[in-house]
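Only one structure is covered here, and it is reproduced in the block below.
Values reported hereafter were calculated over all heavy atoms of this structure, with side chains retained and with hydrogens, waters and symmetry mates removed. Chain A is the first sequence line, chain B the second, and so forth, proteins listed ahead of strands; every chain is numbered from 1.
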Protein chains: 2
Amino acid sequence: MIAPYDSAKKRIQLVQAARELLYEQGFHKTTLADVAERAQIPLGNINYYFATKRSLAEAVIHSHAAELRERFTLWETTSTDPKWRLRCLIRLPLESTEMVVRFGCPHGSLCQELEKLDAESSLVAAATQLMTIYVEWAQQQFRTIGYGVKESRQIAEQLVASIQGTMLLAHSLRSQEVLEKQLLRVELWLEGEIQSRKERNKS
Amino acid sequence: MIAPYDSAKKRIQLVQAARELLYEQGFHKTTLADVAERAQIPLGNINYYFATKRSLAEAVIHSHAAELRERFTLWETTSTDPKWRLRCLIRLPLESTEMVVRFGCPHGSLCQELEKLDAESSLVAAATQLMTIYVEWAQQQFRTIGYGVKESRQIAEQLVASIQGTMLLAHSLRSQEVLEKQLLRVELWLEGEIQSRKERNKS
DNA sequence: GTCTATAAATTGATAGAC
DNA sequence: GTCTATCAATTTATAGAC
């Protein structure tokens, strides 16, 4: 018999609850009982959907990855201007300022925590993948602007590092002002960077 | 009766062991049994030195803070040139490249994890303090160069965010190359920033 | 297909001997 | 002042009823 709609629905509920808790508390602090409670699903029943805590976390990361790709696609359909798209990336944390100040970047904090597990774990690979999605998308935008393959990769890494570092600092200092002002500085830096490259290419 | 030297010695052993484990595994994953084993001290005996796991972690953070201040003082005695001092800050992660790639920044990762605890905890305050030490020291260097109070604070924040973000990205991607190349880029950015400010002030 | 009850293991912390 | 033994609570995972 085919699983009824409820099955898929509860799976999504579980992933959503785990997603929130992993963001708010981290992987190790979050218990399956926490997840069960927030998802309104009996504790022992989680194992019907996810055999282990790790596989649930993996599903959470994949949901983050999917959402991220979706967001990138949306920006790509909205404008063909790579500079505009990159500005969207920089301003993304401002969509949830308060949460970023309280809990940091939902992706960066997961990477920080999960990368420390056994290297063979598929969780580690998933976390790495998440950060790679950022870098590769940004690189693609710089390629469109006209940057070379290697050049675009390096400046994309620098941009992602700047954004991640800003969120980490704002979270560590618990300061909304740091988040807003420093993201603006990243924006200005990027503009200057692109401008100075343009001028170099003229000569 | 005064505590014998052994008492202080074992305290230090415990903090050292906890320091390593908190860096390698994080706070929540590390158990007191882990600490006891690495410090070569019986498990039940930890509570004689530290009443709770949190107070042990607090001692770890304070040891990080003390070491950081010591390092800054060393740089200050070695050279009076603020640009040289800031370069030291940027290159600091290169002293333990392999560890940074594997485990991230020992301070940044602790902040990320501990800031998520109950805001009233003294652990959170200690973690915040750790990041503040970085920013304030960097700010002092920019002040010496001639930056204004607010200006110096903002560029100091940007510098610390860049360094932290670079370590996070290199750790997430598990790439030594990213760490080295991006720290170099931070250095170049800083040089350009200071240079362009000089030129602005001429006119 | 869903859930209750519980096992099995681990963990932070304590009591009390030496 | 130091350590062994152990408690009480928590946590992941499972067994089996419905």
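Taking atom NE2 of A:H28 as the reference point, atom P of C:dG12 lies 12 Å away to the nearest angstrom. Separating the CD1 atom of B:I46 from the P atom of D:dT2 is a distance of 14 Å, rounded to the nearest angstrom. When rounded to the nearest whole Å, the span between CG of A:L14 and P of D:dT12 equals 14 Å. Distance, B:E37 CD to C:dT11 C1': 15 Å, rounded to whole Å. Residue B:K29 contributes atom NZ, which lies 13 Å from atom P of C:dG12 at whole-angstrom precision. Between A:Y49 atom OH and D:dA13 atom C1' there is a gap of 17 Å when expressed in whole angstrom units. With rounding to whole Å, B:Q40 atom CD is found 12 Å from D:dC3 atom P.
Within the structure, salt bridge (charged side-chain N to carboxylate O under 4.0 Å, His left out) contacts touching residues 153-168 of chain B (residues at least two apart or in different chains) are B:R153-B:E157. Within the structure, salt bridge (charged side-chain N to carboxylate O under 4.0 Å, His left out) pairs that include any residue of residues 76-94 of chain A comprise A:R91-A:E187 (at least two apart or interchain). Screening residues 43-55 of chain A for salt bridge (charged side-chain N to carboxylate O under 4.0 Å, His left out) gives A:R54-A:D118 as the qualifying pairs, with residues at least two apart or on separate chains.
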Atom pairs and distances, donor-acceptor, side-chain atoms in residues 96-107 of chain A, under 3.5 Å, two or more places apart:
unit_1, atom_1, unit_2, atom_2, d
A:T97, OG1, A:L94, O, 3.1
A:H107, ND1, A:Y134, OH, 2.7
A:H107, NE2, A:H64, ND1, 3.2

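Remark: B:K10 is in phosphate contact with D:dC3, judged by side-chain N or O atoms under 4.0 Å from OP1 or OP2. Regarding contacts with the backbone of D:dG1, a side-chain N or O of B:Y48 is found under 4.0 angstrom from either OP1 or OP2.
The pair B:K116-A:E24 does not meet the salt-bridge criterion, since no charged nitrogen lies less than 4.0 angstrom from a carboxylate oxygen.
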Protein-to-nucleotide contact annotation, 5' to 3' order, nucleotides 13-18 of chain C [B base; S sugar-phosphate only; - none; under 4.0 Å, heavy atom] | BB----

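Judged as a salt bridge (charged side-chain N to carboxylate O under 4.0 Å, His left out), and not counting sequence neighbours, the contacts of A:K181 are A:E177.
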